[in-house]
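What follows is a short report on a single structure.
Chain identifiers are assigned alphabetically (A, B, ...) following the order of the sequence lines, protein sequences preceding nucleic acid strands; residue numbering begins at 1 within each chain.
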There are 2 protein chains.
Amino acid sequence: MLPYEHFGYIGPMTDSPNDVTPDRLCKADALPPSDQHAQQYAAVRNAHETELLEDYVELIADLLEHQGEARSTDIAARMGVSQATVSKTVTRLKSLGLVSSKPYRSLFLTEKGEAMAAMSHQRHAIVLQFLRALGVSDRTARIDAEGMEHHVSQETLEIMQRYTREQGHRDV
Amino acid sequence: MLPYEHFGYIGPMTDSPNDVTPDRLCKADALPPSDQHAQQYAAVRNAHETELLEDYVELIADLLEHQGEARSTDIAARMGVSQATVSKTVTRLKSLGLVSSKPYRSLFLTEKGEAMAAMSHQRHAIVLQFLRALGVSDRTARIDAEGMEHHVSQETLEIMQRYTREQGHRDV
DNA sequence: CCTACAAGTTAACCTTGGCTAAAATAGTGT
DNA sequence: ACACTATTTTAGCCAAGGTTAACTTGTAGG
Ligand SMILES: [Mn+2]
Ligand SMILES: [Mn+2]
Ligand SMILES: [Mn+2]
Ligand SMILES: [Mn+2]
């Protein structure tokens, strides 16, 4: 069931970027202080709380823009998930005030939902364009961006933006 | 509860890397075909199935290396989670054949667990070093890497490695 | 108009990953 | 040996995100 029977091979690689390991070859790198380490994991758990919501509102906004309406059938197809699952998640989105709809009708975003969609879309685009600028293939960049986007801080986003901009001016 | 009341501001930014939008200013960018889009989300769901396991075995390996033993108290402290939660997750890790221990004793990794820990550690290190090479601060890089690592494909990992290596030779 | 079929909802179930509170075990010091 | 403390486990709770199967509603054709 779990896809971890095969561990995809990661070419030749040592622990440090340049092979030599100049100073201390003892004790790899030490663990960060316990409380800081805990905050790292907490940040990840935090991101997990909102990522599905972000993907939903982003997708709903895209459907509204590109097809004129957001039907839960389309969401189910695009998310690769059953309609029942979409229905339940939409209930949650409504209870959070992100989405509005009348029963058996198609979906709309509230102001708050639109704001979240806009932020998510922008962040998603920055990550995707950055990966492409790095040289990642379109297909892979889309897959990686879909997951990475939820774990990229403001600081990193700005650096990615700058890299993409400069890289775009350099060669193309 | 949900931390999405405030939307962290992302500086001035338009949709395309260079501001001008040369050709089509109509219709942003189109949605990918439905089945491809579904595969993106499926890949993310897939990563979510293993990421906690990966973090656990990685942490257990680190504790074994740096402290000589892996006690569930330490794991709980480092993960920022209750001991009961650790106990339950460890049960799952054991049932998956990744961890072994006798009741009330500290933890060890099986062969399989060590293999997973080694892969995860390596991938984590590549992502962390890449972020630092990009110019992200240590603290932020650690936080982002903790989440991103689980969503970075082989292809992207190799590109990150190459970037880090070249960047390391360029200035430093 | 009414009937089929498509679309949406609900019910019942499952696993994961959190929690608290209480019970069991291990280890330590006197 | 025994009692106290720290550690680990268990039990019972919860929410999220998934499933299938059955039910309801909307809509388009004849
Ligand atoms: Mn997105
Ligand atoms: Mn996403
Ligand atoms: Mn890791
Ligand atoms: Mn991680």
Side-chain angles (χ1 to χ4, degrees), chain A residues 1-4 34 38-39 41-57 59-60 63 67-96 98-108 146-147 150, chain B residues 1-4 34 38 41-57 59-60 63 67 69-96 98-108 146-147 150:
Chain A
M1 179 58 71
L2 283 171
Y4 236 92
S34 205
Q39 284 179 266
Y41 293 117
V44 175
R45 287 194 296 271
N46 220 50
H48 284 162
E49 272 182 32
T50 47
E51 64 180 297
L52 194 68
L53 308 177
E54 290 165 0
D55 285 340
Y56 265 77
V57 296
L59 179 53
I60 290 169
L63 288 171
Q67 338 250 61
E69 61 178 357
R71 324 265 321 196
S72 56
T73 308
D74 299 332
I75 297 175
R78 278 220 135 65
M79 296 278 273
V81 120
S82 75
Q83 284 195 5
T85 297
V86 172
S87 192
K88 210 158 51 155
T89 305
V90 166
T91 300
R92 193 169 159 234
L93 289 165
K94 289 209 259 184
S95 84
L96 291 170
L98 294 163
V99 160
S100 72
S101 82
K102 302 196 206 347
Y104 294 93
R105 270 24 227 271
S106 62
L107 308 175
F108 299 95
E146 191 61 75
H150 310 281
Chain B
M1 180 57 73
L2 283 170
Y4 237 94
S34 205
Y41 293 117
V44 175
R45 286 194 297 271
N46 221 51
H48 285 164
E49 273 183 29
T50 47
E51 66 180 299
L52 194 69
L53 308 177
E54 290 165 359
D55 285 341
Y56 266 77
V57 295
L59 178 54
I60 290 169
L63 289 172
Q67 336 251 61
E69 62 179 355
R71 325 265 321 199
S72 57
T73 308
D74 299 332
I75 297 175
R78 278 221 136 66
M79 297 277 277
V81 117
S82 76
Q83 286 193 4
T85 297
V86 172
S87 189
K88 210 159 49 155
T89 305
V90 165
T91 300
R92 191 169 161 234
L93 289 165
K94 289 209 260 184
S95 83
L96 291 169
L98 294 163
V99 160
S100 73
S101 82
K102 304 196 204 348
Y104 293 94
R105 271 19 226 274
S106 63
L107 309 175
F108 300 94
E146 191 61 74
H150 310 281

Next on the checklist: Nearest to the side chain of Gln83(B), heavy atoms from C-beta on, is which of dT25(D), dA11(C), dT8(D)?
Outcome noted: dT8(D)
Next on the checklist: If you assign each of Ser101(B) and Met79(A) to its closest nucleotide in DNA chain D, which residue comes earlier from the 5' end?
Outcome noted: Ser101(B)
Checklist entry - Between dG8(C) and Arg105(A), is there an OP1 or OP2 to side-chain N/O distance shorter than 4.0 Å? => result no
Checklist entry - Can you tell me how far C1' of dA15(D) sits from NE2 of His48(B), to the nearest Å? => result 17 Å
Checklist entry - Do Tyr41(B) and Leu59(A) touch side chain to side chain, with heavy atoms closer than 4.5 Å? => result yes
Checklist entry - When you measure from the side chain of Tyr104(A), which nucleotide among dG18(D), dT9(C), dT8(D) comes out closest? => result dT9(C)
Checklist entry - Are Thr85(B) and dC19(C) close enough that a side-chain N or O sits under 4.0 Å from OP1 or OP2? => result yes
Item to check | Lys94(B): which of Val90(B), Thr91(B), Leu96(B) passes side-chain contact (heavy atoms from CB on, under 4.5 Å) | outcome: Val90(B)
Item to check | Side chain of Arg92(B) (C-beta onward), nearest among dA11(C), dC19(C), dG17(C) | outcome: dG17(C)
Checklist outcome for this item: The nucleotide from dG18(D), dG18(C), dT10(D) with an atom nearest the side chain of Leu52(A) is dG18(D)
Item to check | Heavy-atom side-chain contact between Ile75(A) and Leu107(A) under 4.5 Å | outcome: yes
Item to check | Residue-phosphate contact under 4.0 Å: Arg71(A) side-chain N/O, dA7(C) OP1/OP2 | outcome: no
Checklist outcome for this item: When rounded to whole Å, the CD to C1' distance for the pair Glu69(A) and dG26(D) reads 13 Å
Checklist outcome for this item: Ranking dG17(D), dT9(D), dT20(D) by distance to the side chain of Ser87(B), first place goes to dT9(D)
Checklist entry - Of all the choices, dA16(D), dG18(D), dC13(D), which nucleotide is nearest to the side chain of Lys88(B) once you look at every atom? => result dC13(D)
Checklist entry - Within the structure shown, what part of the strands sits under 4.0 Å from Val86(A) by heavy-atom distance: base, sugar-phosphate, or nothing? => result nothing
Checklist entry - Looking at side-chain heavy atoms only, is the closest gap between Glu146(B) and Asp55(B) below 4.5 Å? => result yes
Next on the checklist: On DNA chain C, compare the nucleotides closest to Arg45(A) and Pro103(A); which residue's is nearer the 5' end?
Outcome noted: Pro103(A)
Next on the checklist: I want to check one thing: is the phosphate of dT8(D), taken as OP1 and OP2, less than 4.0 Å away from some side-chain N or O of Ser72(B)?
Outcome noted: yes
Checklist entry - Once you round it to whole Å, what is the distance between P of dG17(D) and CG of Asn46(B)? => result 17 Å
Next on the checklist: Using side-chain heavy atoms (C-beta onward) and a distance below 4.5 Å, is Met79(B) in contact with Val86(B)?
Outcome noted: no
Checklist entry - Taking atom P of dG17(D) as reference, at what distance in whole Å does atom OH of Tyr41(B) sit? => result 14 Å
Next on the checklist: Using whole Å, what does the distance between atom C1' of nucleotide dT9(C) and atom CD1 of Ile75(A) come to?
Outcome noted: 14 Å
Next on the checklist: Within the 4.5 Å heavy-atom criterion, are Leu52(A) and Arg92(A) side-chain neighbours or not?
Outcome noted: no
Item to check | Leu53(B) CG to dT15(C) P, straight-line distance once rounded to whole Å | outcome: 16 Å
Checklist entry - Over how many whole Å does the gap from Glu54(B) atom CD to dG17(C) atom C1' extend? => result 16 Å
Next on the checklist: For a quick test of reading the model: is some side-chain N or O of Thr73(A) closer than 4.0 Å to OP1 or OP2 of dG8(C)?
Outcome noted: yes
Checklist entry - In whole angstrom, what separates Leu96(B)'s CG from dT16(C)'s C1'? => result 12 Å
